Chemist: 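Handing you a structure now.
A quick note: this is a predicted structure, and the numbers were derived from the prediction, not measured. Note that ligands are numbered from 1 as they come in the structure, with each ligand's atoms numbered from 1 the same way.
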Amino acid sequence: MTNELVLIFDFGSQFGQLIARRVREQNVFCQVVRHDLPAARVKELNPKGIILSGGPASVYEPGAPHCDPKIFDLGIPVLGICYGMQLACHFLGGKVGGTAHTREYGRATLTVNDPNTIFQGYPTESTVWMSHGDQVQNVSGDFEALAATDTCPLAAIKHKSRPLFGIQFHLEVAHTPHGGLILANFLRDVCGCTGQWKMQAFIDSTVTDIKAKVGKKRVICGLSGGVDSSVCAALLLKAIGPQVACIYVDNGLMRAGETEVVRHTFKDWFKADLHVVDAKDRFLSALKGVVDPQEKRKIIGGVFIDVFKHEAKSIPDARFLAQGTLYPDVIESGGAVDGPAATIKLHHNVGGLPTELGFELIEPLRDLFKDEVRRLGLELGLPEDVVWRHPFPGPGLAVRCLGEVTEEKLATLRKADTIFLEELRKAGLYRKTAQAFAVLLPVQSVGVMGDGRTYENAICLRCVQTDDFMTADWSRLPEDLLARVATAIINKVKGVNRIVYDISSKPPATIEWE
Ligand code: XMP
């Protein structure tokens, strides 16, 4: 992909992904790998540098995760962070033990004694973030100390003859305000990285890889209307154009205009071989009478697989199935990319399908973070609307239409949702919020319209701020925007007489209502 690769060895740190982020911010490509990746494999991958992450274990405990000690003999620069530093010292001449306190956690003041190499341009005194139980207590004469804190005399060290550095604090977190400088110094001056990793380089090398892998066979790419599958398809179309067959299943649970956007983008614009499968009736009849949310999900997933499989079988010469799995999906569950235990969180929609259909899997986005996927999408010519789309759940409006799903309820929900999103866009707040939508509540309430009383539906507006969707806070939308949305929905959507705004955070609530 690029000759400037940095490997991050994962020892179970909660910050592994963050280290990867920080390296990418220096325009250097990196991958998180298993902690025990053999030195021979490291040599083959030929990285410019290695970063050993932190981790919760003690290096001297039986069963603690170790790296192959031969990686230190490859001549590749190594930066050990916290546990990674302790491990390097454990192997190369140092004593690791518990701190005076059982555990040091929080801010500390770092004093730099040697303002060279990784500390070039670094303030003599600065704040760093500590989170450790053990620390390096003494080192052999092969090492020298670069920086210290009150409680940690060896807060940063360097090997005298090897390109090896260790830091006890966490440079990757925001609480270490100058951490990026240490990383930049390490990558540039120790590893010799030029920081040239750009999206175009990714496109070029991925296109070459896809062509080499696929040959003359065809690739099926499922489109959901979301960002990841759209970017994945656009990348494949760039690489092998007519060999790609896109399948979009219209389950009748999409938002207003969604199918048309997919059709317009991929058929009219990218000239893709797009198969839009109209399966609305199948989904709706399977959902008839079902009120339990998990039951709805199960039914939708099952029908989807049937419909997708049927369509896929009709495409001759198809050998591959493409999925828009992203980097966080890969490391979330497995913790590492390269190695036998790497487990991949398959997209809920097509999980298990590739093997069942005898397809080989292609995941061209598996090295990218979400914001990188968006940048890639724009570079590939996808419309901004598609690239900046909020996430949308696989079961679609079925989990926003509480209780039984009917065509009539879906139509009401769609209209309200469209009004909310349009107003949010007009107010310039769509991109500033993580997810916004309407929910049709399963209650009727009394209202008054003109001279008469009404007994109609209530719509809830939900809008949240979040980076990772694991936790979320409700968006403090301007009052006048909420008022405009409420008035517009009540005036324009028949059967709705009440609007509420959801002010619960996650946890304890979830983002969706079902
Ligand atoms: P919750 O409601 O769990 O949602 O806070 C977190 C994120 O996941 C999305 N979500 C789903 N996505 N299938 C999906 O593909 C689902 O069944 C599903 N349920 C929730 C939700 O929209 C939010 O972005």
Side-chain angles (χ1 to χ4, degrees), residues 221-232 247-255 258 262 283 286-287 290-305 307-308 323-326 328-330 332-333 344-353 363 365 369-371 373-374 386-403 405 410 413-414 416-417 420-421 424 430-442 460-475 501-514:
C221 186
L223 281 176
S224 68
V227 185
D228 306 346
S229 69
S230 300
V231 175
C232 177
I247 300 180
Y248 170 83
V249 176
D250 184 354
N251 56 12
L253 305 166
M254 309 306 277
R255 286 165 295 191
E258 210 138 19
V262 170
F283 281 90
L287 286 168
V290 180
V291 292
D292 178 71
Q294 288 315 92
E295 192 60 22
K296 286 187 196 175
R297 280 190 169 80
K298 242 169 55 201
I299 290 171
I300 293 165
V303 176
F304 178 89
I305 287 178
V307 173
F308 193 91
Q323 270 183 199
T325 320
L326 305 197
D329 301 335
V330 177
E332 211 167 73
S333 44
I344 296 158
K345 191 181 78 180
L346 291 175
H347 190 274
H348 68 285
N349 279 340
V350 281
L353 261 185
E363 296 174 305
L365 311 182
F369 286 100
K370 189 81 175 190
D371 60 322
V373 168
R374 291 206 158 107
V386 172
V387 167
W388 288 103
R389 184 157 291 209
H390 287 172
F392 186 62
L397 299 182
V399 289
R400 295 177 179 172
C401 196
L402 308 195
V405 180
L410 286 170
L413 176 57
R414 242 179 229 122
D417 191 67
F420 182 27
L421 295 185
L424 199 64
Y430 183 82
R431 275 202 215 172
K432 294 187 180 152
T433 51
Q435 204 169 3
F437 52 91
V439 181
L440 179 63
L441 303 183
C460 169
L461 306 176
R462 180 75 162 141
C463 186
V464 294
Q465 309 298 127
T466 172
D467 286 330
D468 56 10
F469 295 87
M470 307 292 284
T471 63
D473 196 10
W474 58 280
S475 304
Y501 187 52
D502 184 346
I503 56 165
S504 19
S505 58
K506 173 182 178 177
T510 49
I511 296 174
E512 302 288 346
W513 271 56
E514 278 195 340

Chemist: Is R400 salt-bridged to E512, going by a charged N under 4.0 Å from an acidic O?
Modeler: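 Looking at R400 and E512, the cut-off is met.
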Chemist: Considering residues at least two apart in sequence or located in another chain, which fulfil the salt bridge (charged side-chain N to carboxylate O under 4.0 Å, His left out) criterion with D502?
Modeler: R462
Chemist: Considering distance alone, does some N or O of I511 sit under 3.5 Å from an N or O of ligand 1?
Modeler: yes
Chemist: Among H390, R400, R297, R462, which one has a heavy atom closest to atom 17 (O) of ligand 1?
Modeler: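 Minimum heavy-atom distance to atom 17 (O) of ligand 1 goes to R297.
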Chemist: Quick one: closest heavy-atom pair of Y248 and V262, and the distance?
Modeler: CE1-CG2, 3.8 Å
Chemist: Closer than 4.0 Å to some heavy atom of P395 - which atoms of ligand 1 meet that?
Modeler: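 Counting atoms of ligand 1 from 1, those under 4.0 Å from P395 are 13 (N), 16 (C), 17 (O).
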Chemist: Going by heavy-atom distance to atom 12 (N) of ligand 1, choose the closest among P393, A434, A472.
Modeler: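 Considering heavy atoms of P393, A434, A472, the nearest to atom 12 (N) of ligand 1 sits in P393.
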Chemist: Apply salt bridge (charged side-chain N to carboxylate O under 4.0 Å, His left out) to R255 and list each qualifying residue two or more places apart in sequence or on a separate chain.
Modeler: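 By the salt bridge (charged side-chain N to carboxylate O under 4.0 Å, His left out) rule, R255 matches E258.
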Chemist: Need the ligand 1 atom indices (1-based, order shown) with element for anything under 4.0 Å from a heavy-atom of G394.
Modeler: 12 (N), 13 (N), 14 (C), 15 (O)
Chemist: Out of all atoms in ligand 1, which are within 4.0 Å of some heavy atom of T510? Include the element for each.
Modeler: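 Counting from 1, the qualifying ligand atoms are 1 (P), 2 (O), 5 (O).
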Chemist: Distance under 4.0 Å to a non-hydrogen atom of F469: what atoms of ligand 1 satisfy this?
Modeler: 6 (C), 24 (O)
Chemist: Quick one: are D228 and K370 in side-chain contact, heavy atoms under 4.5 Å?
Modeler: yes
Chemist: Could you tell me how the ring of W474 sits relative to the ring of Y501: parallel (under 30°), tilted (30 to 60°) or perpendicular (over 60°)?
Modeler: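 Geometry flag for Y501 against W474: perpendicular rings.
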Chemist: For atom 20 (C) of ligand 1, tell me which residue out of K506, E512, Q435 has the closest non-hydrogen atom.
Modeler: E512
